Amino acid sequence: SSLLSAAFCLVSNLSTGCDVRNNIFANNITGGTTNIAHVAIYLPSGGTSANNLNLDNNVYFHGTDIARQGVCHDFINFYTTIAGLRAYTTTLSKSNTNDLNSDAYNAAVPFISATDLHINPSFGFYVNSAGAPLASVTTDIDGIDVRDSSNPDAGADEISLTCSAVVTNSGNDIITVGTLRNVLSCVSDGSIITFDPSVPTSFFTEPLTIKKNITLQGVAALDFDFSNAALSSSTFGLRIGVGKTVTLHNICLLYTSQQ
């Protein structure tokens, strides 16, 4: 409309029982007044568990202008973070699990080009292993690459990434090579992730969901610090995906500097 653009739109609460998983929704449109919203998805306001919406394992891309660009709008509320979106979408199903395995980034979508929507391997960490296995979807859009049976990629294109299983950077972002998020995005299921001795602490400014069977092996006493104020609106700091096993060794979980 003249007030909103969205990559995906669910117009009415009368649209019930929708199953929306494993997608890439991207909207990096810019411009307009602050009355305009450019979002990855639009949902109707006032929804309840009667919507019976299954919305999860999606990756949302949007711009950096928080006055106009964000993850979602529901006509009344403007959600600029994945935590804010989850607070609403978890109320739209009886299981309260919507978007617990979704991610959102204020970045350009990692397609090769505007006309080639395959994933650029250099930025594949955004979507690699971000999906959920679906029995009805066994290959990607090319019909050649087989979907990973445990951790398929989000979006239409299945890619393969490899990387070191050693965390060498204490940062929170997924872009920087060597951060925990970056390493988690590209190691295979069942990997043992270790930490370089130069990284005594991993700092988190947004919630982390681990969607693989992983062992995190700390060096001496390693801290996972979730005390950042940016996490205050989230219902969790660290979450383990359904059916996954995460083993922690020599790691201290901190919240407001307390164990």
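Everything numeric in this text was worked out from a predicted model, so none of it was measured.
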Original post:
Sequence neighbours excluded, which residues qualify as side-chain hydrogen bond (donor to acceptor under 3.5 Å, both in side chains) partners of Thr115?
Top reply: Ser113

**OP:** Flag yes if Val71 and Val20 sit in one hydrophobic cluster, no otherwise; membership is Ile, Leu, Val, Met, Phe, Trp, Tyr, and two members link when side-chain heavy atoms are under 4.5 Å apart.
**Re:** yes

Subject >> Plane angle bin for Phe204 and Phe226 - parallel if under 30°, tilted between 30 and 60°, otherwise perpendicular >> reply: parallel

Subject >> By side-chain contact (heavy atoms from CB on, under 4.5 Å) - contacts of Thr245 (at least two apart) >> reply: Asn213, Thr247

Original post:
Between Glu158 and Pro152, is there a donor-acceptor pair closer than 3.5 Å when you use the side chain of the first and the backbone of the second?
Top reply: no

**OP:** Only counting residues at least two apart or in another chain, list the ones meeting side-chain contact (heavy atoms from CB on, under 4.5 Å) with Asn106.
**Re:** His62, Thr64

**OP:** Tell me, with the steps shown, if Lys211 and Asp103 meet salt bridge (charged side-chain N to carboxylate O under 4.0 Å, His left out).
**Re:** CA-CA 12 Å; Lys211 308 170 189 176; Asp103 296 298; 2.9 Å; yes

**OP:** Quick one: list whatever passes side-chain hydrogen bond (donor to acceptor under 3.5 Å, both in side chains) with Asn151, sequence neighbours left out.
**Re:** none

Subject >> All pairs passing disulfide (SG to SG under 2.5 Å) where residues 71-139 contributes a residue, at least two apart >> reply: none

Original post:
Between Phe78 and His73, is the ring centre distance below 6.0 Å?
Top reply: yes

Original post:
How would you list all residue pairs meeting disulfide (SG to SG under 2.5 Å) that involve residues 110-196, not counting sequence neighbours?
Top reply: Cys163-Cys186

Original post:
Residues in salt bridge (Lys or Arg N to Asp or Glu O under 4.0 Å) with Asp56, at least two apart?
Top reply: none

**OP:** Say whether Ser102 and Asp99, considering side chains only, have a donor N or O and an acceptor N or O under 3.5 Å apart.
**Re:** yes

**OP:** For Val183, enumerate each residue passing the side-chain contact (heavy atoms from CB on, under 4.5 Å) test, keeping only those at least two apart in sequence or located in another chain.
**Re:** Val167, Val187, Ile193

**OP:** Quick one: list whatever passes side-chain hydrogen bond (donor to acceptor under 3.5 Å, both in side chains) with Ser12, sequence neighbours left out.
**Re:** none

Subject >> Which residues share a side-chain contact (heavy atoms from CB on, under 4.5 Å) with Ile29, sequence neighbours left out >> reply: Ser5, Asn27, His38

Original post:
Just wondering, are more than 12 heavy atoms of other shown residues or ligands nearer than 6.0 Å to CD1 in Ile112?
Top reply: yes

Which pairs of donor and acceptor atoms, one on a side chain in residues 214-224, lie under 3.5 Å apart (sequence neighbours left out)?
none

Which donor-acceptor pairs under 3.5 Å do side chains of residues 168-175 form with protein atoms, sequence neighbours excluded?
| residue | atom | partner | partner atom | Å |
| --- | --- | --- | --- | --- |
| Asn169 | OD1 | Gly171 | N | 2.7 |
| Asn172 | OD1 | Arg181 | NE | 3.1 |
| Asn172 | OD1 | Arg181 | NH2 | 3.1 |
| Asn172 | OD1 | Thr205 | N | 3.1 |
| Asn172 | ND2 | Thr205 | OG1 | 2.8 |
| Asp173 | OD1 | Thr176 | OG1 | 3.1 |
| Asp173 | OD2 | Ile175 | N | 3.0 |
| Asp173 | OD2 | Thr176 | N | 2.6 |
| Asp173 | OD2 | Thr176 | OG1 | 2.8 |

